[in-house]
Amino acid sequence: MADDGFFQRAYDIVRQVPEGRVTTYGQVARMMGEPRKARYVGFAMHSSPGMKGGVPCHRVIFADGSLAPGFAFGGPEEQRRMLEAEGVGFLPSGKVDMSRFSWEA
DNA sequence: CCTATGACATTCG
DNA sequence: ACGAATGCCATAG
């Protein structure tokens with residue numbers, strides 16, 4: 001299915017994200033050449049096979065550095081835990097320090 | 001054809 | 001700084 005191609009492309013990008021590094025939905029969408037489809041990237045993550053498929057969707061966060069409220073692994077709390085375990089630093093605001101850990105191709 | 005919805009992003013008050 | 005509103009694109013009713 002051609003639609004799945006979009007998903008596969010999103011997975012391919014997220015799969016390239018190294019540990020201790022985070023990226024945003026808009027960023028991934030932009031790499032695919034379609035920055036307007038940021039929402040679909042999010043949907044792709046929702047449907048993502050998870051770390052088993054090599055898709056660390058927990059490294060994909062909002063543009064402002066916040067995590068997905070309620071749709072994550074068991075809440076943003078768990079996601080924050082995982083990111084911290086990978087070496088990602090968090091700000092006192094409870095958001096990721098994008099200034100340091102924002103992933104760049 | 002118009003309205004509603006969605007792991008987003010950006011702008012305004 | 002935070003919350004609300006609007007914009008984008010695609011699918012469904």
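Letters A, B, ... are given to chains in the order of the sequence lines, protein chains preceding strands, and every chain is numbered from 1. Only this structure's heavy atoms are used, side chains among them; waters, hydrogens and symmetry mates stay out.
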> What are the two closest heavy atoms between A:Leu83 and A:Val96, and how far apart are they?
Replying inline: CD1-CG2, 4.3 Å
Taking [atom1] from [X] and [atom2] from [N], how many angstroms apart are they, rounded to a whole number?
X: A:His46; N: C:dA10; atom1: NE2; atom2: C1'; value: 17 Å
X: A:Met98; N: B:dT10; atom1: CE; atom2: C1'; value: 15 Å
X: A:Ile61; N: B:dA9; atom1: CD1; atom2: C1'; value: 14 Å
X: A:Arg30; N: B:dC8; atom1: CZ; atom2: C1'; value: 12 Å
X: A:Phe7; N: C:dA10; atom1: CZ; atom2: P; value: 13 Å
X: A:Phe62; N: B:dT10; atom1: CZ; atom2: P; value: 12 Å
X: A:Leu67; N: B:dA7; atom1: CG; atom2: C1'; value: 11 Å
X: A:Phe43; N: B:dT5; atom1: CZ; atom2: C1'; value: 11 Å

>> Between C:dA5 and B:dA4, how many Å separate the two P atoms, rounded to a whole number?
In response: 15 Å
> On a whole-Å scale, what distance lies between the P atoms belonging to B:dT11 and C:dC9?
Replying inline: 16 Å
> Would you say the side chain of A:Met45 lies within less than 4.5 Å of the side chain of A:Val55, judging by non-hydrogen atoms?
Replying inline: yes
> Hey, does A:Lys95 have a side-chain heavy atom less than 4.5 Å from the side chain of A:Phe62?
Replying inline: no
>> Is it the case that B:dC8 (base atoms only) and A:Arg36 (side chain only) share a donor and an acceptor within less than 3.5 Å, ignoring hydrogens and angles?
In response: no
>> Parallel, tilted or perpendicular: which one describes the rings of A:Tyr40 and A:Phe6, with boundaries at 30° and 60°?
In response: perpendicular
> Under 4.0 angstrom, heavy atoms only, what part of the nucleic acid is A:Tyr25 near: base, sugar-phosphate, or nothing?
Replying inline: base
> Which is true for A:Ser93 with a 4.0 Å heavy-atom rule: it touches a base, it touches only sugar-phosphate, or it touches nothing?
Replying inline: nothing
Which nucleotide wins on minimum distance to the side chain of [X], given the candidates [options]?
X: A:Ala72; options: B:dA9, C:dC8, B:dA7; answer: B:dA7
X: A:Arg39; options: C:dA10, B:dC8, B:dA9; answer: B:dC8
X: A:Tyr40; options: B:dA7, B:dC8, C:dC9; answer: C:dC9

> Ion pair present between A:Glu84 and A:Arg81, side-chain N to carboxylate O less than 4.0 angstrom?
Replying inline: no
